[in-house]
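Single-structure report; data block below.
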Amino acid sequence: MSETNVAPTDFIREIINEDLRTGRFNYVRTRFPPEPNGYLHIGHAKAICIDFGIAEEYGGVCNLRFDDTNPAKEEAKYVQAIKEDIRWLGFDWGDREYYASDYFEQLYEWAIQLIKDGKAYVDSLSPEEIKEYRGGFGVPGKESPYRNRSVEENLDLFQRMRAGEFREGEHVLRAKIDMQSGNMNLRDPVMYRILHAPHHRTGNRWCIYPMYDWAHGQCDSIEGITHSLCDLAYEDHRPLYDWFLDQLGIFHPRQIEFARLNLSYTVLSKRYLLRLVEGGYVSGWDDPRMPTLAGMRRRGYPPEAIRAFCDRIGVAKSENLVDIALLEHCVREELNKRAPRVMGVLRPLRVVLVNYPEDQVEEVEAINNPEDPGMGVRKVPFSRVLYVEQEDFMEDPPRKWFRLAPGREVRLKHAYYITCVDVVKDERGQVVELRCTYDPETRGGGSPDGRRVLGTLHWVSAAHALDAEVRLYDYLFSKPDPMEVEEGKDFISNLNPNSLEVLDSCKVEPSLRGAAPGSRFQFLRQGYFCVDPDSTPQKLVFNRTVTLKDTWSKIAKGQQEE
RNA sequence: UGGGGGAUCGUCUAGUGGUAGGACACGUGACUCUGGAUCACGGCACCGGGGUUCGAAUCCCUGUCCCCCAGCCA
């Protein structure tokens with residue numbers, strides 16, 4: 001690669017430029033290393049965008065490598081889900097799909113090498129004793145009595161560990177570094193533990209498995225990774241990785257750590273997300289309220305929006321809590337350009353046009369997307385009985401009310417001006433029907449006399465509308481930082497009880513018939529909605545992806561406070 | 001308590017000795033057949049204290065606060 005001066009936009013690119021300039025590396029290769037023990041979330045999306053994005057920017061490649069060193073927690077189904085999510089985001093790892101388990105044999109040989117060099121030993125302390133011997137912060141550790149076994153004995157024991165002669169916990173292989181180190185990771189870290197568990201790829205071939213710390217650096221090295229980008233949490237593991245690489249004398253990647261993403265009103269940790277799933281607080285990993293990629297996909301977030309978001313939040317080393325409003329902004333921005341407009345009434349209120357002919361049906365023309373005329377137009381049926389939104393009528397409206405009220409004239413989008421002349425109530429005083437007149441001169445939404453109306457409402461023709469269920473979502477948690485809890489409580493106590501509202505008697509325009517799961521629309525004046533896989537031919541199910549920005553709700557709130 | 005890292009508008013982030021900028025959020029206005037979209041305008045920040053310098057977010061000293069690490073998890 002010749003051009004080494006990509007404009008730095010963050011500290012990572014700055015370092016890479018320097019490495020290229022000084023000749024430490026003459027190419028760029030990164031990797032994204034998920035553990036197949038759960039689903040990817042928006043925090044992973046940040047890492048994916050950085051890993052794949054940087055490689056692409058520098059004309060290099062990014063490997064996908066599954067960190068599958070713990071068979072007790074990992075499953076093949078997660079491998080599939082992770083691959084699907086990365087592809088959905090729009091990234092491609094070509095044929096470079098690797099597994100830490102591909103390197104088990106090599107790792108084993110390197111372990112033998114360290115034993116022979118007197119740099120690793122088999123320890124037979126119990127897990128509790130190892131913990132005790134490790135010491136604490138400011139308290140130096142003690143050396144294990146097994147630390148000075150002979151090379152021959154270590155070799156023999158380690159080989160027998162592999163051969164399956166011991167029970168779990170009986171022995172481990174440890175690196176011989178420094179029990180006094182201020183860095184806990186250097187206090188003779190465990191390299192191998194015995195696990196009599198089948199592995200999703202290697203089956204029953206192994207009963208000893210490498211620890212992540214022993215595997216990761218060497219895997220990077222084998223793959224010729226130049227820049228190993230990871231979480232800040234691994235900052236003080238770096239000296240250990242360096243130590244292993246130096247002892248082995250193999251290719252030495254550079255590790256650079258950056259701060260993980262935190263998003264307001266949500267949690268981003270596989271452990272907590274698993275808790276939500278297993279506790280039944282959500283319907284699954286792909287619940288549309290989940291910050292998982294599967295959840296966001298089902299919710300209707302376009303992958304482009306997630307990538308735009310990741311670009312905008314930047315990369316740095318400081319702790320952060322990104323406002324979820326930024327993510328929503330990116331989603332709206334993308335959907336505004338792309339989503340076809342349709343009309344759907346969430347909470348229907350019957351409207352009868354008293355001066356409209358009983359059996360007449362007209363087709364009015366509606367533009368599919370004012371942002372993109374290329375998306376064309378469609379016909380929408382109009383007739384004497386319609387539905388409008390309940391909240392678009394007020395019997396006694398406040399100031400600045402642009403919608404329907406007794407005597408008020410509004411425009412029905414794409415159709416006619418109507419004026420409310422009567423209000424029908426049931427025995428409990430609930431408004432059940434509006435009687436309105438329409439002005440035949442205003443077809444298409446304009447009037448020959450040029451008079452103006454304040455508001456424009458969406459509507460559907462009662463006889464033609466399709467039944468639909470709409471699921472409205474709000475933040476899963478009621479606090480920006482769900483981890484901020486009262487004494488003795490945990491984040492579950494911060495769950496938002498109103499995060500899901502199901503509306504099951506919605507009416508949508510007939511053009512939506514047969515809409516495919518996953519397709520996204522803007523319901524005029526309401527927000528963006530995505531067809532859920534739960535839809536049936538009889539009933540469409542929509543997820544509200546995100547609302548439109550709503551100026552009126554602010555005005556109304558302001559008026560309430562007066 | 002030992003080790004590692006971090007501190008710039010409400011939030012995220014630029015800045016690398018020379019006018020502290022952008023985005024989101026917020027507020028005001030214009031426009032509008034979506035109270036959408038769009039556009040314009042506005043307020044808002046260098047953790048504290050010393051020093052070096054003509055000039056410091058940036059360099060030096062000093063203090064404070066926050067995060068991570070004591071798995072045979074990753």
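Sequence lines set the chain letters: A, B, ... in the order given, protein chains first and strands last, and positions in each chain run from 1.
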- Query: Knowing that exactly one of A:Phe477, A:Tyr475, A:Phe491 qualifies, which makes a ring-ring contact (aromatic ring centres under 6.0 Å, His included) with A:Tyr265?
  - Reply: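 So the option named by the test is A:Tyr475.
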For the [atom1] atoms, the ones on [N] and on [M], what distance do you get once it is rounded to whole angstrom?
N      : M      : atom1 : answer
B:rG6  : B:rG27 : P     : 36 Å
B:rG43 : B:rG5  : C1'   : 34 Å
B:rC44 : B:rU52 : P     : 31 Å
B:rC9  : B:rG36 : C1'   : 29 Å
B:rC31 : B:rA40 : C1'   : 11 Å
B:rG3  : B:rC12 : C1'   : 29 Å
B:rC61 : B:rA23 : P     : 37 Å
B:rG22 : B:rU8  : C1'   : 13 Å

With respect to the phosphate group of [N], does any side-chain polar atom (N or O) of [X] fall under 4.0 Å of OP1 or OP2?
X        : N      : answer
A:Arg271 : B:rC73 : no
A:Thr9   : B:rA14 : no
A:Ser318 : B:rG5  : no
A:Ser553 : B:rG35 : no
A:Arg193 : B:rA74 : yes
A:Lys131 : B:rG71 : yes
A:Arg525 : B:rG35 : yes

Would you classify [X] as touching base, sugar-phosphate or nothing, given that sugar-phosphate means primed atoms plus P, OP1 and OP2, and contacts are heavy atoms under 4.0 Å?
X        : result
A:Leu125 : base
A:Gly446 : base
A:Trp401 : base
A:Arg403 : base
A:Leu321 : sugar-phosphate
A:Val453 : nothing
A:Arg238 : nothing
A:Pro140 : nothing
A:Tyr209 : nothing
A:Ile130 : base
A:Glu371 : base
A:Ser126 : base

- Does any residue of residues 164-175 of chain A have a heavy atom under 4.0 Å from RNA chain B, and if so, which ones, in number order?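 Going residue by residue through residues 164-175 of chain A, the ones with a heavy atom under 4.0 Å of RNA chain B turn out to be A:Gly169, A:Val172.
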To the nearest angstrom, how far is [X] atom [atom1] from [N] atom [atom2]?
X        : N      : atom1 : atom2 : answer
A:Asp67  : B:rG71 : CG    : C1'   : 16 Å
A:Glu74  : B:rC73 : CD    : C1'   : 9 Å
A:His216 : B:rG71 : NE2   : C1'   : 18 Å
A:Arg134 : B:rC69 : CZ    : P     : 14 Å
A:Arg338 : B:rA37 : CZ    : P     : 18 Å

For the side chain of [X] and the base of [N], is some donor closer than 3.5 Å to an acceptor across the two?
X        : N      : result
A:Gln180 : B:rG2  : no
A:Gln522 : B:rU34 : yes
A:Asn183 : B:rG4  : no

- Task: Inspect the contact between A:Asp231 and A:Lys46 and indicate whether a charged nitrogen and a carboxylate oxygen are less than 4.0 angstrom apart.
- Result: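 No.
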Contact between [X] and [Y] at the side-chain level, heavy atoms closer than 4.5 Å - yes or no?
X        : Y        : answer
A:His44  : A:Phe32  : yes
A:Ile177 : A:Trp243 : yes
A:Arg312 : A:Cys330 : yes

Minimum-distance nucleotide to [X] side chain [options: [options]]:
X        : options                : result
A:Val322 : B:rG15, B:rC12, B:rG5  : B:rC12
A:Met211 : B:rG36, B:rC72, B:rG5  : B:rC72
A:Ile313 : B:rC12, B:rU34, B:rA14 : B:rC12
A:Leu548 : B:rG35, B:rC12, B:rG36 : B:rG36

- Task: Would you kindly compare A:Ala259 and A:Asp123 by the position of their nearest RNA chain B nucleotide and give the one closer to the 5′ end?
- Result: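 Its nucleotide being nearer the 5' end, the pick is A:Ala259.
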- Item | Comparing A:Glu235 and A:Arg443 on RNA chain B - which has the more 5′ nearest nucleotide |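 Upstream on the strand: A:Glu235.
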- Item | Lys NZ or Arg CZ of A:Arg201 over A:Tyr99 ring: under 6.0 Å, within 45° |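 Yes, cation above the ring, under 6.0 Å and within 45°.
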- Message: With the six-membered base ring of B:rC69 as reference, does the ring of A:Phe137 sit under 5.5 Å away with planes under 30° apart?
- Response: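 Yes.
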- Query: If pairs are Watson-Crick or G-U with both distances under 3.5 Å, what is the dot-bracket string of RNA chain B, marking crossing pairs with [ ] and pairs to another strand with |?
  - Reply: .((((((..((((....[..)))).(((((.......)))))....(((((..]....))))))))))).....
- Walk me through it: do A:Glu223 and A:Tyr103 pass the test side-chain hydrogen bond (donor to acceptor under 3.5 Å, both in side chains)? CA-CA 10 Å; A:Glu223 294 178 14; A:Tyr103 313 126; 2.5 Å; yes
- When A:Asn154 is tested against each of A:Lys176, A:Arg149, A:Gln159 for side-chain contact (heavy atoms from CB on, under 4.5 Å), which residue passes?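 It is A:Arg149; the other options fail the test.
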- Query: For the side-chain hydrogen bond (donor to acceptor under 3.5 Å, both in side chains) test, which of A:Arg403, A:His458, A:Arg347 pairs with A:Glu389?
  - Reply: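 One option only clears the test, and that one is A:His458.
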- Where does the angle between the aromatic ring planes of A:His237 and A:Tyr234 fall among parallel (under 30°), tilted (30 to 60°) and perpendicular (over 60°)?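 Taking A:Tyr234 first and then A:His237, their aromatic rings stand perpendicular (interplane angle over 60°).
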- Query: When you check every protein heavy atom under 4.0 Å of nucleotides 24-32 of chain B, what one-letter string (B, S, -) results, 5' to 3'?
  - Reply: SSSS-----
- Message: Using O4'-C1'-N9-C4 for purines and O4'-C1'-N1-C2 for pyrimidines, with syn meaning within 90° of 0, is B:rG43 syn or anti?
- Response: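 This nucleotide is in anti.
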- Query: Hey, is the main chain of A:Gly344 close enough, under 3.5 Å, to the side chain of A:Gln526 for a donor-acceptor pair?
  - Reply: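 Flag set: sc A:Gln526 to bb A:Gly344 pair under 3.5 Å.
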- Message: Please determine whether ring pair (Phe, Tyr, Trp, His ring centres under 6.0 Å) holds for the pair A:Trp459 and A:Phe382, giving the CA-CA distance in whole Å, both sets of side-chain angles, and the decisive distance to 0.1 Å.
- Response: CA-CA 9 Å; A:Trp459 53 274; A:Phe382 183 88; 5.2 Å; yes
